[in-house]
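Please read the structure below before turning to the comments.
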Amino acid sequence: VQLQASGGGLVQPGGSLRLSCAASGSFFSINAMGWYRQAPGKQREVVAGVISGGSINYVDSVKGRFTISRDNAKNTVYLQMNSLKPEDTAVYYCNADVQLTGDRFLLPKRYWGQGTQVTVSS
């Protein structure tokens, strides 16, 4: 299973970016997908997540500005980031909790994308 993230870049404060992350490979299903970020000198933190049933959660600092969505047919998760602030600058990582087989006793395995840099600066 591989996750390929894209969409990062340099944007001015107040601007927008859209991140994408597509899962590929052989697996049965994906339970949850989400985004984390890691700023220089800081620990990785969760940004947003969406489970297969549609439940969504966000870290407080991005509520009202970021929107996570998921296309199950494409095994892809998106993160629309609006009203970006300099403190949003970080490497953004996507993840997916993957059910490798239909065996209900097999726990899902978490996979990570390679990270994409988001820089918010004037």
Side-chain angles (χ1 to χ4, degrees):
V1 178
Q2 293 185 332
L3 299 182
Q4 182 66 46
S6 60
L10 172 64
V11 64
Q12 292 185 341
S16 298
L17 283 174
R18 188 191 193 211
L19 306 183
S20 300
C21 176
S24 62
S26 179
F27 52 87
F28 180 75
S29 64
I30 299 177
N31 292 356
M33 302 186 82
W35 293 92
Y36 281 64
R37 65 185 179 187
Q38 187 166 19
K42 294 187 177 181
Q43 290 188 334
R44 190 176 295 190
E45 65 170 354
V46 63
V47 177
V50 55
I51 66 173
S52 57
S55 179
I56 289 174
N57 60 81
Y58 298 97
V59 67
D60 286 346
S61 60
V62 307
K63 286 181 180 178
R65 301 188 297 122
F66 290 11
T67 302
I68 189 170
S69 60
R70 178 174 169 176
D71 186 334
N72 291 326
K74 296 181 179 179
N75 295 315
T76 299
V77 63
Y78 306 95
L79 187 67
Q80 177 66 44
M81 305 184 293
N82 299 329
S83 302
L84 282 161
K85 304 176 181 179
E87 50 264 43
D88 294 318
T89 296
V91 178
Y92 283 70
Y93 298 90
C94 60
N95 65 38
D97 293 338
V98 178
Q99 200 72 39
L100 294 175
T101 75
D103 182 352
R104 61 189 179 97
F105 296 106
L106 181 66
L107 295 177
K109 183 176 180 179
R110 175 159 289 188
Y111 292 86
W112 292 89
Q114 82 282 12
T116 184
Q117 177 70 46
V118 172
T119 302
V120 185
S121 175
S122 56

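Atom OG in Ser61 sits 8.0 Å away from atom NZ in Lys85 (nearest 0.5 Å). Taking SG from Cys21 and CG from Asn95, the interatomic distance works out to 8.0 Å, rounded to the nearest 0.5 Å. Distance check, rounded to the nearest 0.5 Å: CG of Leu79 to CE of Met33 gives 12.0 Å. Asp88 CG to Thr119 OG1: the interatomic distance, rounded to the nearest 0.5 Å, is 11.0 Å.
Placement of Val77 and Ile51 in two distinct hydrophobic clusters is found when ILVMFWY residues are connected by side-chain heavy-atom separations under 4.5 Å, directly or transitively. Ile68 and Val91 are members of different hydrophobic clusters when ILVMFWY side chains are connected at heavy-atom separations under 4.5 Å.
Surrounding CD of Gln43 are at most 12 heavy atoms belonging to other residues, nucleotides or ligands under 6.0 Å away. Sparse packing is recorded around CD of Gln2, with 12 or fewer heavy atoms of other residues, nucleotides or ligands lying under 6.0 Å away.
Closest of all the heavy-atom pairs between Tyr93 and Gly113 is CD2-O, 3.8 Å. Heavy-atom minimum distance, Ser20 versus Tyr78: OG-CD2, 3.3 Å. In terms of heavy atoms, Ile30 sits closest to Ala96 at CG2-CB, 4.1 Å. Residue Gly8 comes nearest to Thr116 through the heavy atom pair N-OG1, 3.2 Å, listed as atom of the first residue, atom of the second, then distance. Taking both residues in full, the closest heavy atoms of Leu3 and Ala23 are given as CD2-CB, 3.3 Å, listed atom of the first, atom of the second, then distance. Arg70 approaches Val50 most closely through the heavy-atom pair NH1-O, 3.5 Å.
When side chains are defined from C-beta on, Thr89 counts as touching Gln117, because their heavy atoms get closer than 4.5 Å. In this structure the side chain of Tyr58 reaches within 4.5 angstrom of the side chain of Ile56, judged on heavy atoms. Counting only heavy atoms from C-beta outward, the side chains of Ser16 and Gln80 approach each other to under 4.5 Å. Side-chain contact between Val1 and Lys109: absent, with no pair of heavy atoms (C-beta onward) separated by less than 4.5 Å. No side-chain heavy atom of Ser52 sits under 4.5 Å from any side-chain heavy atom of Asn72.
For the side chain to side chain contact (heavy atoms under 4.5 Å, CB included) with Met81, the qualifying choice from Val120, Val47, Leu19 is Leu19, the only one to do so.
Note: Tyr92 and Phe66 have tilted aromatic rings, judged against thresholds of 30 and 60 degrees for the angle between ring planes.
Between the side chain of Gln38 and the backbone N or O of Ala90, no donor-acceptor pair lies under 3.5 Å. With hydrogens and angles ignored, the 3.5 Å screen pairs a side-chain donor or acceptor of Gln99 with a backbone N or O of Leu106.
Ion pairing between a basic and an acidic side chain is recognised when a charged N comes within 4.0 Å of a carboxylate O; Asp60 and Lys63 show such pairing.
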